[in-house]
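Predicted model only: the values in this text are computed from it and were never measured.
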Amino acid sequence: IEFISEILLDQFDHINKNWTDKGHRKENFRQDLHTGETILSTDISQFTEKRFCRALFNTGSIDLLGKIIDYEIPLTEPKQGKGKQSHGDIGLLSIASNQLFFIEAKKPEPSDSLLRAILEIFVYTYRLHKYGFINKFKEEYEMYGVTNHKSVPAVLVFENSAAGRQIIDVYNKSNKNKQFITLIDRINIELSKVGVEKIEFYV
């Protein structure tokens, strides 16, 4: 994580110059077919992020994160052709008070990195706001009362996962995470430039 964080920090300005809205969905974020059900294409005992997000959606709410109003919100246009898949979706969307949470949720696997979760939710929320698509996004979710809410990117992980332990290290300002912590600070600065709050972490 420190190695990759150092590379990203070194190249951050270069990356910033090359953002594009190519392939980004401009409308149809809310999917009417989202009913909380899942296709049993894998063994029922297998824990997947998609099942986790749908289960949380079915609970209705999460402490501190409020009412869950949707899951797996697509942010890219579907690709055409055989075998083509679109990538990039917000795992969970919730609303609490005057905050709209964009949540990247990770399953309790040792290999799931906190860095990956942070980069995913950063890219999703940053592009959505940088190119003005957030206005159409909120319009589609206005039925849930989404209007002038502050946008808050969040990462939700399990305590016993690698990402959960990494969050604890970050909050303890561990010396082994200096580059990683600096990268998080830099990402939060970029988010603030497009009107997005700092990334929040939930274990």
Side-chain angles (χ1 to χ4, degrees), residues 24-78 85-109 111-114 116-129 133-164 167 191 196-203:
H24 200 292
R25 191 178 290 255
K26 297 175 175 62
E27 57 185 357
N28 300 321
F29 299 102
R30 193 174 71 82
Q31 306 292 298
D32 292 331
L33 295 178
H34 283 188
T35 59
E37 298 177 350
T38 185
I39 299 172
L40 297 178
S41 58
T42 55
D43 187 271
I44 190 65
S45 64
Q46 184 174 330
F47 197 116
T48 67
E49 284 179 22
K50 290 186 181 296
R51 285 182 178 171
F52 179 44
C53 288
R54 294 180 193 204
L56 289 174
F57 170 78
N58 288 333
T59 68
S61 64
I62 308 177
D63 289 345
L64 303 178
L65 292 171
K67 178 178 175 59
I68 303 171
I69 58 177
D70 205 356
Y71 61 93
E72 294 172 28
I73 300 101
L75 293 181
T76 56
E77 292 292 355
Q85 291 183 331
S86 61
H87 297 280
D89 57 49
I90 296 167
L92 289 168
L93 186 70
S94 71
I95 186 169
S97 186
N98 66 334
Q99 295 177 306
L100 182 64
F101 287 97
F102 298 84
I103 306 167
E104 179 63 29
K106 290 297 182 185
K107 58 185 179 179
E109 296 294 335
S111 60
D112 274 359
S113 165
L114 178 60
R116 176 175 176 174
I118 288 172
L119 292 176
E120 286 176 331
I121 202 62
F122 165 55
V123 170
Y124 299 160
T125 53
Y126 185 79
R127 292 182 78 209
L128 193 61
H129 290 74
F133 303 139
I134 187 62
N135 298 322
K136 180 62 178 175
F137 186 96
K138 287 186 175 181
E139 179 184 311
E140 292 184 16
Y141 284 97
E142 195 171 0
M143 61 180 288
Y144 296 103
V146 176
T147 51
N148 297 320
H149 294 72
K150 296 177 181 178
S151 295
V152 182
V155 174
L156 177 65
V157 300
F158 283 83
E159 183 178 9
N160 61 347
S161 68
I167 286 177
L191 288 171
V196 179
E197 301 294 300
K198 293 180 179 180
I199 297 175
E200 295 188 1
F201 301 95
Y202 295 86
V203 179

When the side chains of residues 196-203 are checked against the rest of the protein, which donor-acceptor pairs come out under 3.5 Å, sequence neighbours left out?
{"unit_1": "E200", "atom_1": "OE1", "unit_2": "Y202", "atom_2": "OH", "d": "2.4"}

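The CG atom of N148 sits 10.0 Å away from the CG atom of N98 when rounded to the nearest 0.5 Å. Interatomic distance, S161 OG to I167 CD1, rounded to the nearest 0.5 Å: 7.5 Å. Here the OG1 atom belonging to T76 is positioned 8.5 Å from the CZ atom belonging to R127, to the nearest 0.5 angstrom. The distance from atom CD1 of I69 to atom CZ of F57, rounded to the nearest 0.5 Å, is 9.5 Å. To the nearest 0.5 Å, atoms CG (L156) and CG (L65) are separated by 6.5 Å.
For the pair T125 and I121, the tightest heavy-atom approach, listed with the atom from each and the gap, is OG1-O, 2.7 Å. Here the closest non-hydrogen pair linking N28 and P74 is O-CG, 4.4 Å. The minimum heavy-atom distance between H24 and F133, with the atom names listed, is ND1-CD1, 3.2 Å. Across all non-hydrogen atoms, the minimal contact from A163 to S113 is CB-C, 4.2 Å. The shortest non-hydrogen separation linking T59 to I68 is OG1-CD1, 4.4 Å.
Counting non-hydrogen atoms of other residues, nucleotides and ligands closer than 6.0 Å to CZ of R30 gives a total above 12.
Without hydrogens or angle criteria, H149 side chain to A96 main chain gives no donor-acceptor distance under 3.5 Å.
With F29 as reference, L128 is the one residue of D89, L128, L93 to meet the side chain to side chain contact (heavy atoms under 4.5 Å, CB included) rule.
Taking the six-membered ring where tryptophan is involved, the planes of F102 and H129 are perpendicular, since the angle between them exceeds 60° and thus also 30°.
Listed by first then second residue, pairs satisfying salt bridge (Lys or Arg N to Asp or Glu O under 4.0 Å) with a partner in residues 93-104 read E104-K106, not counting sequence neighbours. Pairs passing the salt bridge (Lys or Arg N to Asp or Glu O under 4.0 Å) check and including a residue from residues 138-156, sequence neighbours excluded, read K136-E139.
Using a 4.5 Å heavy-atom threshold, the side chains of I62 and S94 count as separate.
Proximity of the aromatic rings of F122 and Y126 is defined here by a centroid distance below 6.0 angstrom, and this criterion is met.
E72 has a carboxylate O that lies under 4.0 Å from a charged side-chain N of R54, or vice versa, which qualifies the two as a salt bridge.
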